[in-house]
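Here is the structure we will look at.
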Amino acid sequence: MRNLTTDNITAAVIDEFSSCEDERLKTLINGLVKHLHAYLREVKPTEKEWTQAIEFLTRAGQMCDDERQEFILLSDTLGVTMLVDAINHASSDPKITESTVLGPFYVADPPQANQGDAINWGVEGEPLFIEGYVHDAHGKPLANVAIDVWQSDSEGFYDVQKPELESATLRARFHTDSQGRYAFWTVTPSPYPIPTDGPVGKMLEITGRHPYRPAHVHFMLMAPGYETLVTQIFAEDDPYLDSDAVFGVKDSLVKEFIHMPAGKAPDGRQMDTPYRYFQYDFGLKTA
């Protein structure tokens, strides 16, 4: 490994990994080396630019903690997350719900909730009732499916962004009933900017990109024998559907959040004020 040049250094680095016994790991590392070296040959960064790139990644790491994942945000805004999603979850079956990005604000083991509960604990906003069914690829209802839901409030903030909140809100875990049904009350989310106080936000600013995501509700569905589904349902009238900062919108996931007048809601609740409503049925793919 002497006298390395732009022409032979890639082969030399790959050769150093030749003794790796994990063939999949070797494939991943060798591919990274090949494409990273090819990128550098193409753009020919100055030493200052490469130092700035290292500093950018360092700051991204420093922003990460139990409630914030800047590297997920970076992956999302570069379209990498959606590319990985497309590679791993391609399906032509219209009965199977399409997936999309997880996002940086998912929190494992959210509060348990029952059918029909409201999850807007300590949060005000326009009421939104959501219901639907979960089924397999043949349309058979699936009972006891765990459904994690989480979303922003009517001002575009998640609970983990609001330290004044004493506990989790606008996130919960439900289970489908014997007929595969789920239902809950929440508040109507709004479009919001992804966090712009870190290096990813700065990247968007200096490249002339806006940071906004269209209004949506996150869902994660989990059941033994089926692939975990991570997806979002987007509001049909949102102005950012065609310029989502993280490239996550798919036509099949866009739904009208219907304006409903005060009166009896679909679950029998008497509403004194207008509210929004949508129904969405999820199809799960066999693992």
Residues 6-17, side-chain donor-acceptor partners within the protein, below 3.5 Å, at least two apart:
| residue | atom | partner | partner atom | Å |
| --- | --- | --- | --- | --- |
| Asn8 | OD1 | Thr5 | N | 2.7 |
| Asn8 | OD1 | Thr5 | OG1 | 3.4 |
| Thr10 | OG1 | His37 | ND1 | 2.8 |
| Thr10 | OG1 | Arg41 | NH1 | 3.2 |
| Thr10 | OG1 | Arg41 | NH2 | 2.5 |

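- The same ILVMFWY cluster, assembled from side-chain heavy atoms under 4.5 Å apart, contains both Ile194 and Met82.
- Remark: Gln115 pairs with Asp177, Arg181, Tyr182, Ala183 by the side-chain contact (heavy atoms from CB on, under 4.5 Å) rule, at least two apart or across chains.
- Remark: Leu221 CG to Leu229 CG distance equals 5.5 Å, nearest 0.5 Å.
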>> Does Asp76 form a side chain to side chain donor-acceptor pair (under 3.5 Å) with Thr81? I'd like the steps, not just the answer.
In response: CA-CA 5 Å; Asp76 290 350; Thr81 304; 2.6 Å; yes
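- Here the CD1 atom belonging to Ile258 is positioned 9.5 Å from the OH atom belonging to Tyr275, to the nearest 0.5 angstrom.
- Counting non-hydrogen atoms of other residues, nucleotides and ligands closer than 6.0 Å to CD of Glu164 gives a total above 12.
- Residue Val217 is grouped with residue Phe174 when hydrophobic side chains (ILVMFWY) are merged at heavy-atom distances under 4.5 angstrom, including chains of intermediate members.
- Distance alone, capped at 3.5 Å, is enough to place a donor-acceptor pair between the Arg171 side chain and the Phe105 backbone.
- To the nearest 0.5 Å, atom CG of residue Asp153 and atom CD of residue Glu126 are 13.5 Å apart.
- Cluster partners of Ile87, by chain and number: Leu83. The rule joins Ile, Leu, Val, Met, Phe, Trp and Tyr whenever side-chain heavy atoms lie under 4.5 Å apart.
- Ring orientation note: the planes of His216 and His218 are nearly perpendicular, at an angle over 60° on the 30°/60° scale.
- Formation of a donor-acceptor pair under 3.5 Å by the Thr231 side chain with backbone atoms of Glu98 is found in this model.
- Looking at Thr77, its side chain never comes within 3.5 Å of a backbone N or O of Val246 through a donor-acceptor pair.
- Checked against side-chain hydrogen bond (donor to acceptor under 3.5 Å, both in side chains), Tyr106 has the following partners two or more places apart in sequence or in another chain: Asp148.
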>> Between Ile130 and Tyr280, is the side-chain contact (heavy atoms from CB on, under 4.5 Å) condition met? List the steps.
In response: CA-CA 8 Å; Ile130 303 173; Tyr280 198 92; 5.8 Å; no
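- Annotation for Asp251: atom CG does not count as buried by contact number, only 12 or fewer foreign heavy atoms lying within 6.0 Å.
- Taking 4.0 Å as the cut-off between side-chain N and carboxylate O, Glu70 and Arg68 count as a salt-bridged pair.
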>> Show, in sequence, the C-alpha distance, side-chain angles and deciding distance for Asp281 and Val134, and conclude whether the side-chain contact (heavy atoms from CB on, under 4.5 Å) test is met.
In response: CA-CA 6 Å; Asp281 298 341; Val134 181; over 6 Å; no
>> Could you go through His175 and Val145, starting from their C-alpha distance and side-chain angles, then the distance that decides it, and tell me whether this counts as side-chain contact (heavy atoms from CB on, under 4.5 Å)?
In response: CA-CA 5 Å; His175 287 82; Val145 176; over 6 Å; no
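- Ring centroid separation for the pair Phe282 and Tyr133 does not come in under the 6.0 Å cut-off.
- In this structure, Tyr277 has its ring center no closer than 6.0 Å to that of Phe257.
- The shortest side-chain heavy-atom distance between Pro111 and Trp121 falls under the 4.5 Å cut-off.
- With values rounded to the nearest 0.5 angstrom, Leu142 atom CG is found 8.5 Å from His135 atom NE2.
- At distances below 3.5 Å, at least one donor-acceptor pair connects side-chain atoms of Ser190 with backbone N or O atoms of Ser154.
- Formation of a donor-acceptor pair under 3.5 Å by the Gln232 side chain with backbone atoms of Thr100 is not found in this model.
- Between Trp185 and Asp267, the side chains place a donor N or O and an acceptor N or O closer than 3.5 Å (distance only, hydrogens not considered).
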Throw together a table of side-chain donor-acceptor distances under 3.5 angstrom for residues 53-63, partners on residues two or more places apart or in other chains.
| residue | atom | partner | partner atom | Å |
| --- | --- | --- | --- | --- |
| Thr58 | OG1 | Ile54 | O | 2.8 |

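- A donor-acceptor contact shorter than 3.5 Å is absent between the side chain of Thr196 and the backbone of Gly201.
- We find the CG-CZ distance between Leu253 and Phe219 to be 10.5 Å, quoted to the nearest 0.5 Å.
- Heavy atoms only, all atoms of each residue included: Gly283 and Thr97 are closest at N-OG1, 2.8 Å.
- Rounded to the nearest 0.5 Å, atoms CZ (Phe278) and CE (Met260) are 13.5 Å apart.
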>> side-chain contact (heavy atoms from CB on, under 4.5 Å) for Asp159 and Leu165? Distances and angles first, verdict last.
In response: CA-CA 7 Å; Asp159 54 358; Leu165 293 175; 3.8 Å; yes
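- Residue Lys162 places its NZ atom among more than 12 non-hydrogen atoms of other residues, nucleotides or ligands, all under 6.0 Å distant.
- Shown here is Gln179, whose CD atom has no more than 12 heavy atoms of other residues, nucleotides or ligands within 6.0 Å.
- In this structure, Lys255 does not pair ionically with Glu236, as no charged nitrogen and carboxylate oxygen lie closer than 4.0 Å.
- Residues Phe184 and Val149 form a side-chain contact, since some pair of their non-hydrogen atoms from C-beta on lies under 4.5 Å apart.
- Checking side-chain atoms of Thr186 against main-chain N and O of Asn120 turns up no donor-acceptor pair under 3.5 Å.
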> Stepwise, does the salt bridge (charged side-chain N to carboxylate O under 4.0 Å, His left out) test hold for Asp85 with Lys250?
Replying inline: CA-CA 12 Å; Asp85 174 81; Lys250 298 179 180 180; 3.1 Å; yes
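- Taking 4.5 Å as the limit, every side-chain heavy atom of Pro193 sits out of range of all side-chain heavy atoms of Arg213.
- Under the 3.5 Å distance criterion, the side-chain polar atoms of Arg276 are left unmatched by any main-chain donor or acceptor of Glu256.
- Within 6.0 Å of NE2 in His210 there are more than 12 heavy atoms belonging to other residues, nucleotides or ligands.
- Within a 6.0 Å sphere centred on CD of Gln270, heavy atoms belonging to other residues, nucleotides or ligands number more than 12.
- The closest donor-acceptor contact from the side chain of Ser152 to the backbone of Phe157 lies at 3.5 Å or more, if one exists at all.
- Looking at Leu40 and Pro45, their side chains come closer than 4.5 Å, going by heavy atoms from C-beta outward.
- For Asp136, there are no side-chain hydrogen bond (donor to acceptor under 3.5 Å, both in side chains) partners at least two apart in sequence or on another chain.
- Taking 4.5 Å as the limit, some side-chain heavy atom of Pro195 sits within range of a side-chain heavy atom of Leu73.
- For Asp242, the CG atom sits in a loose shell: 12 or fewer heavy atoms of surrounding residues, nucleotides or ligands are nearer than 6.0 Å.
- Formation of a donor-acceptor pair under 3.5 Å by the Lys26 side chain with backbone atoms of Ser18 is found in this model.
- Two residues are said to be in side-chain contact when any heavy atoms from C-beta on lie closer than 4.5 Å; Glu155 and Glu124 fail this criterion.
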